[in-house]
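Have a look at the structure below, then the notes.
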Amino acid sequence: MLFSATKRSDYLKTLTTTDYDLLIIGGGITGAGIALDASLRGLRVALVEKHDFAWGTSSRSTKLIHGGLRYLKQLELGIVREVGLERAVVHRNARHLVVPERMLLPIVKGGSLGKFSTSVALWVYDFLANVRSREKRQMLDKTATYAAEPLLKTEELLGGAIYYEYRTDDARLTTEIIKSAVATQRATCLNYIEVTNFSFEKGIVNGVFATDILSNQALRISAKVIVNAAGPWVDNLRKMANDDTLQRKKLHLTKGVHLVVDYEKIPLKQAVYFDTPTGDNRMIFAIPRGNFVYIGTTDTDYYENIDTPKVSADDIAYILKAVNALFPSILLRESDIRGTWAGLRPLIHEIGKKTSELSRKDEIFYSKTGLITIAGGKLTGYRKMAQRIMDFVSEKLAVEHYYSVQPCQTKDYILSGAAFKNSEAINSFKVRRIGEAKQAGISANQIV
């Protein structure tokens, strides 16, 4: 099936004339993962998104496929193990987009981790995530740490550690997953479709009413099962569907902000993961990428307009203070900022916990009206989230519609654009394309 805007009218017709097994609301990484999993299991799938694919949280992350060292401090070992193991799966299935990233973790006086606790934490991390030998932790003394990153403040430096995560383009990864779902010939995925209400049969959701934002055309889409994977917007849809589980569990939105500066302003030798100096027990990343470095993230409660999270003066001051405390020679100022982005995390509310203490685990809500909602989770764990929700959907289809649904097949499924044997093959491909681009007067930065 051709996946092109030129075929939009055909997709709209298909959406309104097909009785789908599954309708997914939300075109972020979670919805995309569910669409691929479901289509590989043999189901007829529709996915709708009211903006661009990955427009919300899935284009505003720290761009890392990582296990999350911070969750070790919260003793969420299950999350660390699952997403740690998933790093390798996502890397293997999308080598062209998910690449190893060397990380430096400085150990400083008064920091949240000391030498011994850092060594133990990273050892546990390596063990739980089954980290490859060449990417296992390396503990450094003060001299070696300073040599690894000369911009560091030396007075409070005790040592450091090198470990590895994986860097990605979150929005493009989401798009490649959607393209992969469409390529199965079983999924219809369309953006700029806004769900305006649900349709019901005997009190159970059996479809949605929607609007094609580009043409203002009214649509009705039918499906045996509907999954709400709308990220920060899931509670809005749950209210629309009269979801009784709202009485027990709701979202707790938090905002994460990143700043972008020129690489020449902070010429790091590798990515750095470091403590904030504010005593809030948080850590942030500074990650070089081409001619820029992006820095973040914050973690603050959010109660404003979900569609338009803004970067505030306090957000900027918080990040600049943290950067200048660790790298005092760079004197980063607000005028040095080239860009910013703000995204929302759809966490599950837990009474009595601080924002930074809330779990990143995903959770499934099942309403008496039949709506299935998934919330929480991390970019890294998208595939396992999709597997869990599809196991739930498969059981529902088997019981209510006598379907025999195939098991999950995504663990070894190579995504669209990732058909390379290894990293060397990808690099060779890039070299050839850069050479061709130069002959046409196009720079490497314009095509990479």
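The two residues Ala342 and Val311 come nearest to each other via the heavy atoms CB-CG2, 3.9 Å. Considering all non-hydrogen atoms of both residues, Phe274 and Phe285 come closest at CE2-C, 4.2 Å. For the pair Leu415 and Ala94, the tightest heavy-atom approach, listed with the atom from each and the gap, is CD1-CB, 3.9 Å. Of all heavy-atom pairs spanning Leu40 and Thr184, the tightest one is CD2-CG2, 3.9 Å. A pairwise comparison of heavy atoms in Ala230 and Val234 identifies N-CG1, 3.3 Å as the closest pair.
Not counting sequence neighbours, the partners of Val99 by the side chain to side chain contact (heavy atoms under 4.5 Å, CB included) test are Arg167. Listed by chain and residue number, Asp244 satisfy the side chain to side chain contact (heavy atoms under 4.5 Å, CB included) test with Lys368 (two or more places apart in sequence, or in another chain). With sequence neighbours excluded, no residue forms a side chain to side chain donor-acceptor pair (under 3.5 Å) with Glu395. Lys136 meets the salt bridge (Lys or Arg N to Asp or Glu O under 4.0 Å) test with no other residue; sequence neighbours excluded. Applying the side chain to side chain donor-acceptor pair (under 3.5 Å) rule to Thr118 yields no partners; only residues at least two apart in sequence or on another chain are considered. Take Thr276 and apply the side chain to side chain contact (heavy atoms under 4.5 Å, CB included) test, not counting sequence neighbours, and it matches Thr278, Asp280, Arg282, Ile284, Tyr318, Ala322. Scored by the side chain to side chain contact (heavy atoms under 4.5 Å, CB included) test, Tyr263 finds Pro267, Pro288, Val293 as partners (sequence neighbours excluded). Partners of Thr373 according to the side chain to side chain donor-acceptor pair (under 3.5 Å) rule, which considers only residues two or more places apart in sequence or in another chain, are Asn228. Remark: Arg60 engages no residue in a side chain to side chain donor-acceptor pair (under 3.5 Å) (not counting sequence neighbours).
Although no hydrogens or angles enter the test, the distance criterion places no donor-acceptor pair under 3.5 Å between the side chain of Thr57 and the main chain of Gly343. Remark: the backbone N or O of Ile65 is not paired with any side-chain donor or acceptor of Thr168 at under 3.5 angstrom.
Looking at Thr340, Thr298, Asp315, Thr62 one by one, the single match for side chain to side chain donor-acceptor pair (under 3.5 Å) with His258 turns out to be Thr62.
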- Query: Hey, mind stepping through Asp235 and Arg238 against salt bridge (charged side-chain N to carboxylate O under 4.0 Å, His left out) and telling me if it holds?
  - Reply: CA-CA 5 Å; Asp235 279 358; Arg238 292 168 74 197; 2.7 Å; yes

- Message: One pair to check against side chain to side chain donor-acceptor pair (under 3.5 Å): Glu176 and Ser416. What are the steps and the verdict?
- Response: CA-CA 5 Å; Glu176 297 292 6; Ser416 168; 3.0 Å; yes

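Identified under the ring pair (Phe, Tyr, Trp, His ring centres under 6.0 Å) test for residues 363-400, with sequence neighbours left out: Tyr366-Phe392. The ring pair (Phe, Tyr, Trp, His ring centres under 6.0 Å) analysis of residues 197-249, with sequence neighbours excluded, yields the pairs Trp55-Trp233. Among pairs with a residue in residues 29-44, those fulfilling salt bridge (Lys or Arg N to Asp or Glu O under 4.0 Å) read Asp21-Arg44, Asp37-Arg41, Arg41-Asp391, at least two apart in sequence or across chains.
Inspection of the Thr245 and Asp243 side chains reveals an N or O donor paired with an N or O acceptor under 3.5 Å. A donor atom on one side chain and an acceptor atom on the other are not found under 3.5 Å apart for Thr369 and Asn242. Side-chain contact annotation: Arg87 with Thr380, donor-acceptor N/O pair under 3.5 Å absent. Under the 3.5 Å distance criterion, with hydrogens and angles disregarded, no donor-acceptor pair is assigned to the side chains of Asp19 and Ser222.
In this structure, Glu82 pairs ionically with Arg388, as a charged nitrogen and a carboxylate oxygen lie closer than 4.0 Å.
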